[in-house]
Structures are given as C-alpha cells and as structure tokens.
Amino acid sequence: MKISARNMLKGKIVGIKKGATTAHVSLEVNGTIVMASITNDAVDELKLTVGMEAAAIVKASDVLIAVED
C-alpha cells in the first residue's frame, strides 16, 4: 500500500460500534485510543473485527495544540 499521508498510527482495533449509517472504530495505539468515524459499508468491505491489526491514517491541513493557562 502506498499513500501520501505521513501520519500513520498502527495499532489494534478494540471496538466497533455501528450506527444507522456510520460506525465508530476504536484503535489502540501504544495505550492511547484513536477513534475513527467511517461508514458501515467501509467496516464491512474492510472486514474489520475487534482484535485486528490496523492503521489510522491522519490527513489534516491543520493540527492545533492547546495548553492550560
């Protein structure tokens, strides 16, 4: 697989919750949970299951950082 995004977080799927049209997929990456909202069709087409190795691909034009005052 080749992809232009540079932020690839590899981990393990720890949860999949399907809604009416959208699923929330939780991926554990080094002890941190990253959640993606994707279509139910995408979950089915990718044959995603809990325990499966996967990667979160992050492609954003802006990433904001916040700190407490």
Side-chain angles (χ1 to χ4, degrees):
M1 170 178 65
K2 290 185 179 182
I3 190 164
S4 64
R6 296 294 177 235
N7 301 309
M8 184 180 303
L9 307 171
K10 294 181 181 180
K12 185 176 287 191
I13 296 173
V14 294
I16 300 171
K17 292 186 181 179
K18 285 186 173 181
T21 60
T22 303
H24 293 99
V25 179
S26 300
L27 187 73
E28 183 178 357
V29 179
N30 296 326
T32 299
I33 301 297
V34 176
M35 185 172 292
S37 296
I38 63 175
T39 64
N40 290 334
D41 287 345
V43 170
D44 296 339
E45 288 172 17
L46 294 171
K47 298 180 178 140
L48 300 182
T49 58
V50 172
M52 179 181 198
E53 297 288 326
I57 310 298
V58 180
K59 181 73 175 180
S61 57
D62 297 300
V63 176
L64 306 177
I65 304 295
V67 297
E68 295 292 328
D69 287 344

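Quick caveat, the model's predicted, so the values are computed rather than measured.
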Separation of Met52 CE from Leu46 CG (nearest 0.5 Å): 7.5 Å
Pairs involving residues 25-38, ordered by first then second residue, that meet salt bridge (charged side-chain N to carboxylate O under 4.0 Å, His left out) (sequence neighbours left out): none
Reported CD1-to-CZ distance for the pair Ile57 and Arg6, which is rounded to 0.5 angstrom: 11.0 Å
Heavy-atom closest pair, residues Ala23 and Val43: CB-CG2, 3.6 Å
Distance-minimising heavy-atom pair for Gly11 and Leu27: C-CD1, 3.7 Å
Taking every non-hydrogen atom, the tightest pair across Ile33 and Ser26: CG2-CB, 3.9 Å
Shortest non-hydrogen contact between Gly51 and Lys12, atoms and distance: O-CG, 3.5 Å
Whether Asn40 side chain and Gly19 backbone form a donor-acceptor pair below 3.5 Å: yes
Cluster check Val58, Val34: I/L/V/M/F/W/Y, side chain < 4.5 angstrom: yes
Validation row: Ile3, Lys59 side chains within 4.5 angstrom (heavy atoms): no
Set of residues satisfying side chain to side chain contact (heavy atoms under 4.5 Å, CB included) with respect to Asp44, sequence neighbours excluded: Lys18
Note, Ile38 side chain near Leu48 side chain (heavy atom, < 4.5 Å): yes
